[in-house]
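Nothing here was measured: the structure is a model prediction, and the numbers come from that model. Each ligand, and each atom within it, is numbered from 1 in the order the structure gives.
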Amino acid sequence: MNEFSPIEHLFRTFDETASILQQELSCTYLDALAETSENLFQQTILQDEISEVAKKRIQKQYDEAHLSRYSKEEIRQAYQLAILKGMQENVQPNHQMTPDSIGLFISYLLERFMKGEKGWSILDPALGTGNLLLTVLNRQPDAFASAAGVEIDDLLLKLAWCGANLIEQPVQLFNQDTLEPLFIDPVDAVVCDLPVGWYPNDIRAADYELRAQEGHSYAHYLFIEQSIKHTKPGGYLFFLIPNGLFEDGEADKLQQFFQKNVYIQGLIQLPESMFKAKQAAKSILILQKQGEGLAAPKEVFLANMPSMKNKQAVQSIMNKMNEWFKENK
Ligand code: SAM
């Protein structure tokens, strides 16, 4: 093509056309990105109100893009780079996209637990931009029979919808508060980068066992409860959680809830180098919903992931994980 990699090349198409649309429509970059993505998918310029000059400039970029030449992963990554650029404008920490390094690791874990099975259903109840779910779907294109995502923020949901269209992944999308009743059948697997903080709706929280006795409840606790409720017996859940989840004042209640409803499979602390600050560091919690004929693993898989650059230490954790699978699965 030229000196750019395919991902950079496609990123430039998203970026340049989004910038033109941003100016023409006087909207945010992320809104414009969703618009240009929808155009690329529909293979037409949907914004009648923009000037003829802008239309010509955008069409030239689309003609040169040849979307069909790109793999689904290249499209996802280029789109993700454009979203990251847009998020630099202003985005709340709780809205941040799940980074690729974490998405790929969760995909790997899911693959191990699926053991080559196919036809699974999967749900992301905090879909955001869809990056985590789409990473998982791209990694195992034939493994999932259905996928669903729930997101309260209109713009993020629109970005997820456009992303899923561009990589031709059928995902059922719900634009609503996940903690309201969900019209989604129980799934085989949940992946979720939990939103962390207080849930402002005390009336709705009252329906949850993990509500606070007084004041606002933890949204992340309620998300865990809601996710377990929407998982089939024997299904697996992969949560990205704050490191201190089991250390705060209400953690006992969470532990008791786990004892009644799930088998904790593993807790993997991610390297601090993956996060901007030590306090922002996270772990992956793996649960299996209890069900007939199932039992807790002999031991919970506990690990502190080293930096991915330390190949020897990473290999040693992988060996430990292989042993754990031999013993427990
Ligand atoms: N995995 C996502 C991605 O790759 O973009 C990022 C998830 S982000 C950490 C958490 C998401 O939860 C945010 O997009 C936020 O808008 C959403 N969220 C927070 N509270 C919610 C609620 N009550 N119902 C639905 N979505 C909610």
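Taking the six-membered ring for Trp and the full ring otherwise, the centers of F14 and Y79 sit less than 6.0 Å from each other. F4 has its ring centre no less than 6.0 Å from the ring centre of F11.
Less than 4.0 angstrom separates some heavy atom of L132 from each of these atoms of ligand 1: 1 (N), 4 (O). Per-residue contacts place D193 under 4.0 angstrom from the following atoms of ligand 1 (heavy atoms of the residue considered): 1 (N), 7 (C), 9 (C), 10 (C).
In this structure, Q176 counts as a contact residue of ligand 1, since one of its heavy atoms falls inside 4.0 Å of the ligand. Within the 4.0 Å heavy-atom shell around ligand 1 one finds L127.
When only modelled atom types and interatomic distance are considered, H220 and Y199 share no side-chain donor-acceptor pair under 3.5 Å. Side chain to side chain, N39 and Q47 meet the donor-acceptor criterion of an N or O pair below 3.5 Å. In the model, D252 has no side-chain atom that pairs as donor or acceptor with a side-chain atom of Q256 under 3.5 Å.
At the top of the distance list for atom 16 (O) of ligand 1, counting protein heavy atoms only, stands E151 OE2, 2.6 Å. Considering only non-hydrogen protein atoms, atom 7 (C) of ligand 1 sits nearest to A126 O, 3.3 Å. In terms of protein heavy-atom proximity, atom 10 (C) of ligand 1 is nearest to N94 O, 3.2 Å. Of the protein's heavy atoms, I152 N, 3.3 Å lies nearest to atom 26 (N) of ligand 1. Of the protein's heavy atoms, T98 OG1, 2.7 Å lies nearest to atom 1 (N) of ligand 1. The protein atom (non-hydrogen) at minimum distance from atom 5 (O) of ligand 1 is T129 OG1, 2.7 Å. The nearest heavy-atom contact from the protein to atom 23 (N) of ligand 1 is D177 OD1, 2.9 Å. Atom 21 (C) of ligand 1 has F223 CZ, 3.6 Å as its closest protein atom, hydrogens excluded (heavy atom only).
Within 6.0 Å of atom NZ in K329, more than 12 heavy atoms from other residues, nucleotides or ligands are found, so the atom counts as buried in its surroundings.
Of the candidates D100, L179, T178, it is T178 that places a heavy atom closest to atom 24 (N) of ligand 1.
Here the side chain of S307 pairs a donor or acceptor atom with the backbone of K309 at under 3.5 angstrom.
Pairs of residues two or more places apart, or lying in two chains, that qualify as salt bridge (Lys or Arg N to Asp or Glu O under 4.0 Å) and include a residue from residues 71-82 are E73-R76, R76-D100.
Taking the ring axis of F301 as reference, the NZ or CZ atom of K320 stays within 45° of it and closer than 6.0 Å to the ring centre.
Taking only nitrogen or oxygen atoms, main chain and side chain alike, L156 does not reach within less than 3.5 Å of ligand 1. Between Q96 and ligand 1, not a single N/O pair is under 3.5 Å apart.
Relative orientation of the Y236 and W120 rings is parallel, given thresholds of 30° and 60° on the angle between their planes.
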